[in-house]
Amino acid sequence: MSTKIEPVIKWSGSKGKVASSIATLFPQKISGRYFEPFVGGGALLPYKGLATIGLAGDIIPELIGIWNCIKSSPGVVASEYEVRWSSLQENGYLEYYKIRDSFNNNRDPLDLLFLTRTCVNGLVRFNKKGDFNNSLHHTRPGINPSEFRKICYQWSTYIQKVEFVVDDYRNTLHSTMNGDVVFLDPPYGGTKGRYQPTNFDLSAFFNELDRLNSIGAKWILTFDGIAGSREYNTQVPRDLYQTFLPLPTGNSPFTKLMNAGIDAVVESVYLNFQPGPESIRKFAENTRQDSSIFTNLRM
Ligand SMILES: C[S@@+](CC[C@H](N)C(=O)[O-])C[C@H]1O[C@@H](n2cnc3c(N)ncnc32)[C@H](O)[C@@H]1O
């Protein structure tokens, strides 16, 4: 699958724009299961068709609530979106803030879904209390309900064999075995705390990578990066991975939000295995990079 897939959940840090490029790096055959322990907006989920069963987790319960609704009842998700969207068109911007208050009081996942689709730059932000605090994107009406309905049904088919859990990534990965494949997209060191409170413990994360190495699970990690002149330079210890590839991802939504000009972002992809030459060629082509630069970078 190489065409761009419209997201069903808009999520901060989404890999939507680069999902098809990252997917070229998946092993050609996955004998085990597919794990995605930082699922967020799940941009890679449609590509895990290679594996029969998947397990996806996140620490935000309402996000997992959205995923479970899309999986079991895409029509309900679409209709609930339509009710809120029509109300916003009819009653104006205050409707958005009513829905935001309602979410912060009742934690209805379908309120959150609507907020992610209509907030400023699609940036999902929670304050220290855990309340959603981004504003309405006044100049964008939010996706048309009939278009959104199609996307809900489409995604529901992608995720039928995925189990979604509310859990810390280490618990989600607890049952990984030799032959399983893991895609890891943790909150970034350089941007952490800027759009949602998180105390991400990097040394515990590196220990988990080490554990996955020792049991023979394959992993692909997107991490850190360079945004303009600012370098998010948390390095992954060299003994943990076999391959490093730069991944240009476009512009930084954080600088857009803060009106601080537009930065070009290059993220990093680390793998604990070496993809075949054909995978590297496709990755280079998709990301518009010259594949010869990878020869020096890979080991
Ligand atoms: C960069 S986002 C993932 C984006 C996703 N790949 C996508 O395409 O939309 C990181 C996610 O990790 C989740 N997260 C943060 N700390 C976590 C933890 N300790 N365990 C599991 N998930 C966590 C966040 O809630 C967030 O949804």
Side-chain angles (χ1 to χ4, degrees), residues 4-23 25-26 34-48 54-67 70 107 109 112-113 115-117 119 121-128 130 132 134 151 155 158-159 162-174 176 181-209 212 219-225 227 232 234 247 249-250 252-254 265 267-270:
K4 185 177 178 297
I5 293 169
E6 283 302 316
V8 66
I9 302 174
K10 290 212 163 184
W11 203 251
S12 296
S14 165
K15 289 293 167 292
K17 285 190 180 144
V18 286
S20 61
S21 303
I22 297 169
L25 301 171
F26 279 140
Y34 174 78
F35 286 74
E36 197 168 333
F38 302 96
V39 70
L44 263 292
L45 288 178
Y47 300 89
K48 66 104 204 75
L55 183 58
D58 203 286
I59 42 165
I60 299 183
E62 300 83 5
L63 170 65
I64 297 302
I66 302 175
W67 280 119
I70 296 168
R107 316 303 286 193
L112 178 61
L113 176 62
L115 296 172
T116 72
R117 307 270 351 175
C119 67
N121 290 338
L123 267 182
V124 178
R125 273 195 330 206
F126 298 94
N127 64 18
K128 284 200 173 127
F132 189 92
N134 199 359
I151 294 175
W155 274 81
Y158 297 146
I159 60 176
V162 181
E163 186 188 340
F164 292 91
V165 292
V166 181
D167 226 328
D168 180 78
Y169 68 99
R170 284 159 292 191
N171 294 330
T172 305
L173 293 173
H174 183 71
T176 39
V181 171
V182 183
F183 173 61
L184 300 147
D185 187 18
Y188 292 168
T191 54
K192 86 177 172 191
R194 290 179 64 181
Y195 62 97
Q196 63 188 41
T198 170
N199 292 313
F200 194 69
D201 179 345
L202 277 176
S203 62
F205 179 66
F206 294 148
N207 285 341
E208 185 61 18
L209 294 183
L212 292 173
W219 52 257
I220 298 177
L221 162 67
T222 50
F223 201 59
D224 271 336
Y232 302 149
T234 311
L247 173 68
T249 57
S252 164
F254 304 100
V265 179
E267 292 186 12
S268 305
V269 185
Y270 297 88

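Reckoned from all heavy atoms, side chains included, excluding hydrogens, waters and symmetry mates. For ligands, and for the atoms within them, numbers begin at 1 and follow the listed sequence.
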Quick check: does Y169 get an N/O under 3.5 Å from an N/O on ligand 1? yes
Rounded to the nearest 0.5 Å, what separation is found between the OG1 atom of T116 and the CG atom of L113? 5.0 Å
Here the atoms of ligand 1 under 4.0 Å from any heavy atom belonging to D167 are 20 (N), 21 (C)
Flag, side chain of N134 to backbone of C119, donor-acceptor distance under 3.5 Å: no
Measuring from non-hydrogen atoms of V124 to any atom of ligand 1, is the shortest distance under 4.0 Å? no
Heavy-atom check, side chain of Y158 versus side chain of L45, under 4.5 Å: no
Value rounded to 0.5 Å, distance of CG in L221 from CZ in F205: 4.5 Å
Determine whether the aromatic ring centres of Y47 and F183 lie less than 6.0 Å apart. no
Is there a nitrogen or oxygen of G41 sitting under 3.5 Å from a nitrogen or oxygen of ligand 1? yes
When you look for heavy atoms under 4.0 Å from ligand 1, do you find them on the side chain of W11, its backbone, both, or neither? side chain
Contacting atoms of ligand 1, where contact means under 4.0 angstrom from a heavy atom of I60: 25 (O)
Would you mind listing which atoms of ligand 1 come within a distance below 4.0 Å of any non-hydrogen atom of G13? 1 (C), 4 (C)
Is there a heavy atom in G57 that sits closer than 4.0 Å to ligand 1? no
Numbered atoms of ligand 1 (with element) below 4.0 Å of K15, judged on heavy atoms: 7 (C), 8 (O)
Would you say T222 and S268 make side-chain contact, with heavy atoms under 4.5 Å? no
Would you mind telling me if ligand 1 is within reach of the side chain of V39, the backbone, both or neither, using heavy atoms under 4.0 Å? backbone
Verify, without hydrogens or angle tests, whether R117 (side chain) and V8 (backbone) share a donor-acceptor contact under 3.5 angstrom. yes
For S14, the atoms of ligand 1 under 4.0 Å from one of its heavy atoms are 7 (C), 8 (O), 9 (O)
One residue to check: T172. Relative to ligand 1, which of side chain, backbone, both or neither has a non-hydrogen atom less than 4.0 Å away? neither
Contact region, P37 to ligand 1, non-hydrogen atoms below 4.0 Å, reads backbone
With F35 via ring-ring contact (aromatic ring centres under 6.0 Å, His included) - residues at least two apart: none
SB check R107 E62 (cutoff 4.0 Å): yes
Quick check: does any side chain N or O of W155 sit under 3.5 Å from a backbone N or O of E6, one acting as donor and the other as acceptor? yes
For G40, the ligand 1 atoms whose distance to one of its heavy atoms is below 4.0 Å: 9 (O), 27 (O)
Ignoring angles and geometry beyond distance, decide whether A43 reaches within less than 3.5 Å of ligand 1 through its nitrogen or oxygen atoms. yes
Proximal ligand 1 atoms for D168, defined as those under 4.0 Å from one of its heavy atoms: 18 (C), 19 (N), 20 (N)
